[in-house]
Amino acid sequence: MTDHQELLADCPARLAFDLLAHTWDPVVLWALRHGPVRPHQLVRRIGGISPKVLNQCLHRLRDAGLVERLPRPGTPPHVDYALTPLGRTLLAPLTALGAWAADHGDTVTTAQARATG
C-alpha cells in the first residue's frame with residue numbers, strides 16, 4: 001500500500017462521506033435543527049422513514065456524538081432527541097448541500113434518466 005492510499009483510508013473527510021452514505025442521517029439531522037423532538041414526531045416530520053430505521057439512525061448519530069437522547073419525566077415518561085453542539089456544526093454544510101441540490105437537481109435527474117433510458 002502506498003502512503004497516498006493510507007492517507008485516503010484515514011482521511012478525516014471520510015467521516016463526512018460515511019455520514020452522507022446513510023440516506024437518513026442528514027435528513028434526521030436537518031429535522032432536529034429547531035430543537036428537541038420526540039421520535040414519533042420525527043417519523044411524521046420526515047415522512048417515508050420507518051420507526052425501526054429512525055431508531056437505527058438515531059443510535060448511529062448518537063454514537064457519533066451528533067445527537068443526544070433527552071429522557072423526560074412524566075406519565076408515561078418519554079424521550080426527546082436533540083442535536084449536540086457538534087451536530088449543530090453540520091447544519092451549515094447540510095444547508096450548502098441542499099442549495100447545491102436545488103440548483104443542480106434537475107441536471108442530475110436528467111443525466112440519470114439519459115443513462116437509464
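For reference, positions follow the sequence shown, starting with 1.
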Handout entry: Nearest atoms (heavy-atom pairs only) where L66 meets L29
Key = CB-CD2, 4.2 Å
Completion exercise
residues 78-102 vs side chain to side chain donor-acceptor pair (under 3.5 Å), sequence neighbours excluded, gives R72-D80
Exercise for the section: Please tell me if the side chains of L61 and L19 come closer than 4.5 Å, counting only heavy atoms from C-beta onward. Expected result: yes
Less than 3.5 Å apart, which donor and acceptor atoms pair up between the side chains of residues 31-41 and the rest of the protein, not counting sequence neighbours?
{"from": "R33", "atom 1": "NH1", "to": "W30", "atom 2": "O", "distance (Å)": "2.7"}
{"from": "H40", "atom 1": "NE2", "to": "R44", "atom 2": "NH2", "distance (Å)": "3.3"}
{"from": "Q41", "atom 1": "OE1", "to": "R38", "atom 2": "N", "distance (Å)": "3.0"}

Practice task
Could you note down all residue pairs passing ring-ring contact (aromatic ring centres under 6.0 Å, His included) where residues 48-72 supplies at least one of them, sequence neighbours left out?
Solution key: none
Completion exercise
Tracing side-chain contacts under 4.5 Å among Ile, Leu, Val, Met, Phe, Trp and Tyr outward from L70 reaches none
Exercise for the section: Any pair with a residue in residues 45-64 that passes salt bridge (Lys or Arg N to Asp or Glu O under 4.0 Å), sequence neighbours left out, goes on the list, sorted by first then second residue, please. Expected result: D25-R60
Problem - Interatomic distance, I46 atom CD1 to C57 atom SG [nearest 0.5 angstrom] - result: 7.0 Å
Result block: side-chain N/O donor-acceptor pairs under 3.5 angstrom for residues 109-117, not counting sequence neighbours:
{"from": "T109", "atom 1": "OG1", "to": "G105", "atom 2": "O", "distance (Å)": "2.9"}
{"from": "T110", "atom 1": "OG1", "to": "D106", "atom 2": "O", "distance (Å)": "2.9"}
{"from": "T116", "atom 1": "OG1", "to": "Q112", "atom 2": "O", "distance (Å)": "3.1"}
{"from": "T116", "atom 1": "OG1", "to": "A113", "atom 2": "O", "distance (Å)": "3.4"}

Completion exercise
Heavy-atom closest pair (P26 atom, L94 atom, distance to 0.1 Å) is CB-CD2, 3.6 Å
Exercise for the section: In sequence, state the C-alpha distance, the side-chain angles, and the governing distance for T23 and V53, and then conclude on side-chain contact (heavy atoms from CB on, under 4.5 Å). Expected result: CA-CA 10 Å; T23 303; V53 171; over 6 Å; no
Practice task
Could you pull out the closest heavy-atom pair between V43 and I49, with the gap in Å?
Solution key: CG1-O, 3.7 Å
